[in-house]
Amino acid sequence: MSSPPPPPFALPPNLVPDEANPPWMNKGDNAWQLTAATLVGLQSVPGLIILYGGAVKKKWAVNSAFMALYAFACVLVCWVSWGYRLSFGEKLIPIWGKIDVALSQHFLLEQAFLGKFPNATMVFFQFVFAAITLILIAGAVLGRMNFYAWMLFVPLWLTFSYTIGAYTIWSTGGWLSTAGLIDYSGGYVIHLSSGVAGFTAAYWVGPRLSKDRERFPPNNILLMLAGAGLLWMGWTGFNGGDPYAASVDASLAVINTHVCAATSLLTWLVLDILFFGKASVIGAVQGMITGLVCITPAAGVVHGWAAIIMGICSGSIPWFTMMVVHKKSELLQSVDDTMAVFHTHAVAGSLGGILTGLFANPKLCNLFYGKYGSYVGLFYGFQMGDFHTGFRQIGLQLIGILFVVLVNIVMTSLVCLVVKLIVPLRMTEEDMEVGDEAAHGEEAYAIWGQGDRSENSRFSAYNDVEVGPLEGKSQVELT
């Protein structure tokens, strides 16, 4: 008996659907989404950990890095327990989803609300964005916030502020999402939110010691640059992952991101040279960050020439607010924003949102949203003769800014007041004089520390140690 003829068409074995590879899943998209999420995670751990650790005064290096590390871990547990479903779950009200967990096998292996990959991938991808938002807020309160207050602030702010912004702007049922606001990858949800929340938290926590405000030199500029490099390269996943597909739009978002960042860095550098007579590497990093922030709401919906213009604006307008307006404003002077998060994230994020409303191309918006003619930047509205849609878009972008600012001022203030009822928001004056050793019983560079820290510290929990070579200053082995 002859064998049956082969089927007229057969999929290669690696493409045949099975229980682990359901028909709705695209392996390439899933692989890219996990990669993009990991790149964004690396922006925080170790990116911002070492950027903060290197950019602050030596006595605050451990505390600053630890605030970032703690936030990353805490946000993940809160995210899978309730945060994700509040941000992207079923609609409760137009600005908030229904609370639920994101832990069950049944839920995690189902198809995500967007994209051709499982919920497990989406939960992880959205987590790294939530985590970096809290870590950016930390930048505004470095050098004086009580670590135990920070431990309470992180889950409360995530729950009552971040989830509202994420649902309203990104969820398919959110108020501003359905209205047509363009926030490609977090100019509003992440950067404007963290800038305003950080500034507000800094107000409630209070300033650093006077001598720290007057002189706060980076303890390791090269380490800070390493963190900045991870932040820059990680933005490939930050903006390139938001089409939820390995698509041409993802490619456009990536190239626009880096073009804008480079242009912004060069613009900031030129202004520093012209007005201060020196090329500052710290200034260059600030310009890099403002460029990355500014392009974020627009990355995949604008042309390359628009990315150049946005880079020039993001390298000059935040520079002006930081170097000129800040020095003349009593309000800005009174609030001690350690890492200038207000200028690099709130100002640059708002600027990016407004410029998106001007430069958003309807054809590129169609690639991202799948709706042609619903998202039209003002300049293209003029070109098409569709003035109403163009003005509506810029109006929505402005309404979005007002909404995010209002929510974050109110919710951050409430969170700080609640935390203040439980533990002090601020370290004591005595502990702020000491820094890391008072907060954690540890120093960043024990080999260069003053005195016999390892043996005699009144703060260290690890005094009973067997000390290795280098005269008791390094290679500590716990007994």
Open item on the list: Please check this pair: side chain of Trp32 against backbone of Gly240, looking for a donor-acceptor N/O pair closer than 3.5 Å.
Closed with: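 Side chain of Trp32 to backbone of Gly240: a pair is present.
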Task: Test item: Trp150 side-chain N/O and Met67 main-chain N/O as donor-acceptor pair under 3.5 Å - done: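 Between the backbone of Met67 and the side chain of Trp150 there is a qualifying donor-acceptor contact (under 3.5 Å).
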How many angstroms lie between [atom1] in [X] and [atom2] in [Y], if you round to the nearest 0.5 Å?
X: Cys260; Y: Ile308; atom1: SG; atom2: CD1; answer: 8.5 Å
X: Leu48; Y: Leu69; atom1: CG; atom2: CG; answer: 12.0 Å
X: Cys74; Y: Leu152; atom1: SG; atom2: CG; answer: 9.0 Å
X: Thr389; Y: Leu378; atom1: OG1; atom2: CG; answer: 10.5 Å

Any chance [atom1] of [X] has more than 12 other-residue heavy atoms, nucleotides or ligands included, within less than 6.0 Å?
X: Tyr203; atom1: OH; value: no
X: Lys27; atom1: NZ; value: yes
X: Ile255; atom1: CD1; value: no

- [ ] Report the residues that fulfil ring pair (Phe, Tyr, Trp, His ring centres under 6.0 Å) with Trp170, sequence neighbours left out, ordered by chain and then residue number.
- [x] none
TODO: Using the test ring pair (Phe, Tyr, Trp, His ring centres under 6.0 Å), find all partners of Phe275 that sit at least two apart in sequence or belong to another chain.
DONE: Trp319
Output side-chain donor-acceptor pairs under 3.5 Å for residues 121-143, partner residues at least two apart or in another chain, one line each.
from	atom 1	to	atom 2	distance (Å)
Thr121	OG1	Asn30	OD1	2.7
Gln126	NE2	Tyr244	OH	2.9
Thr133	OG1	Phe129	O	2.8

Ignoring hydrogens and angles, state whether a donor on the side chain of [X] or [Y] is under 3.5 Å from an acceptor on the partner side chain.
X: Ser177; Y: Ser171; result: no
X: Thr412; Y: Thr200; result: no
X: Trp204; Y: Ser413; result: yes

Do any side-chain atoms of residues 347-358 form donor-acceptor pairs under 3.5 angstrom with protein atoms, and if so which ones, sequence neighbours left out?
from	atom 1	to	atom 2	distance (Å)
Ser350	OG	Ala346	O	2.9
Thr356	OG1	Gly352	O	2.6

What heavy-atom pair brings [X] and [Y] nearest, and what distance separates the two atoms?
X: Gly28; Y: Asn26; result: N-OD1, 2.9 Å
X: Leu230; Y: Pro46; result: CD1-CG, 3.7 Å
X: Ala284; Y: Leu265; result: O-CG, 3.5 Å
X: Ser264; Y: Ser314; result: OG-OG, 3.0 Å
X: Met25; Y: Pro118; result: SD-CD, 3.9 Å
X: Arg215; Y: Pro217; result: C-CD, 3.5 Å

Residues in salt bridge (Lys or Arg N to Asp or Glu O under 4.0 Å) with [X], at least two apart?
X: Lys57; result: Asp212
X: Asp100; result: Arg85
X: Glu90; result: Lys98

[X] vs [Y] side-chain heavy atoms within contact, under 4.5 Å:
X: Trp82; Y: Val101; result: no
X: Met288; Y: Leu231; result: yes
X: Asn146; Y: Met151; result: no
X: Asp183; Y: Val189; result: yes
X: Ile49; Y: Ser44; result: no
X: Phe147; Y: Asn63; result: yes
X: His345; Y: Ile289; result: yes

- [ ] Give the intermediate values and the outcome of side-chain contact (heavy atoms from CB on, under 4.5 Å) for residues Cys78 and Thr159.
- [x] CA-CA 8 Å; Cys78 298; Thr159 303; 5.5 Å; no
What pairs of donor and acceptor atoms, side-chain ones from residues 321-328 against any protein atom, are under 3.5 angstrom apart with sequence neighbours left out?
from	atom 1	to	atom 2	distance (Å)
Thr321	OG1	Pro318	O	2.9
Thr321	OG1	His343	ND1	3.0
His326	ND1	His343	NE2	3.0

Compute the centroid of each ring, for [X] and then for [Y], and state whether the two points are separated by less than 6.0 Å.
X: Phe117; Y: Trp24; result: no
X: Phe403; Y: Trp175; result: yes
X: Phe382; Y: Phe391; result: yes

Task: Identified ring pair (Phe, Tyr, Trp, His ring centres under 6.0 Å) counterpart of Phe88 within the set Tyr167, Phe107, Phe113 - done: Phe113
Open item on the list: Using the rule given for side-chain contact (heavy atoms from CB on, under 4.5 Å), can you reason through Val285 versus Trp268, listing the C-alpha separation, both sets of side-chain angles and the distance that settles it, and then say yes or no?
Closed with: CA-CA 9 Å; Val285 170; Trp268 195 294; over 6 Å; no
Holding to side chain to side chain donor-acceptor pair (under 3.5 Å), I want the full list of residues that pass it with [X], two or more places apart in sequence or in another chain.
X: Asp249; answer: Tyr184
X: Thr236; answer: His258
X: Thr296; answer: Trp235

Open item on the list: Walk me through whether Ser161 and Val415 qualify under side-chain contact (heavy atoms from CB on, under 4.5 Å).
Closed with: CA-CA 9 Å; Ser161 187; Val415 167; over 6 Å; no
- [ ] Could you label the plane-to-plane angle of the Tyr380 and His303 rings as parallel, tilted or perpendicular, counting under 30° as parallel and over 60° as perpendicular?
- [x] tilted
Open item on the list: If you apply the rule side-chain contact (heavy atoms from CB on, under 4.5 Å), what do you find for Arg392 with Val376, and how did you get there?
Closed with: CA-CA 9 Å; Arg392 182 179 183 275; Val376 179; over 6 Å; no
- [ ] Check each of Leu398, Thr168, Leu176, Ile399 against Leu181 using the side-chain contact (heavy atoms from CB on, under 4.5 Å) test, and report the only one that passes.
- [x] Leu176
- [ ] Not counting sequence neighbours, list each pair that qualifies as a side chain to side chain donor-acceptor pair (under 3.5 Å) and has a residue in residues 396-407.
- [x] Tyr188-Gln397, Gln393-Gln397
- [ ] Run the numbers on Asp272 and Lys278 for salt bridge (charged side-chain N to carboxylate O under 4.0 Å, His left out), then give the verdict.
- [x] CA-CA 6 Å; Asp272 274 351; Lys278 286 189 180 295; over 6 Å; no
Task: Residue pair Arg208, Asp336: steps toward the salt bridge (charged side-chain N to carboxylate O under 4.0 Å, His left out) verdict - done: CA-CA 7 Å; Arg208 289 166 288 172; Asp336 183 14; 2.8 Å; yes
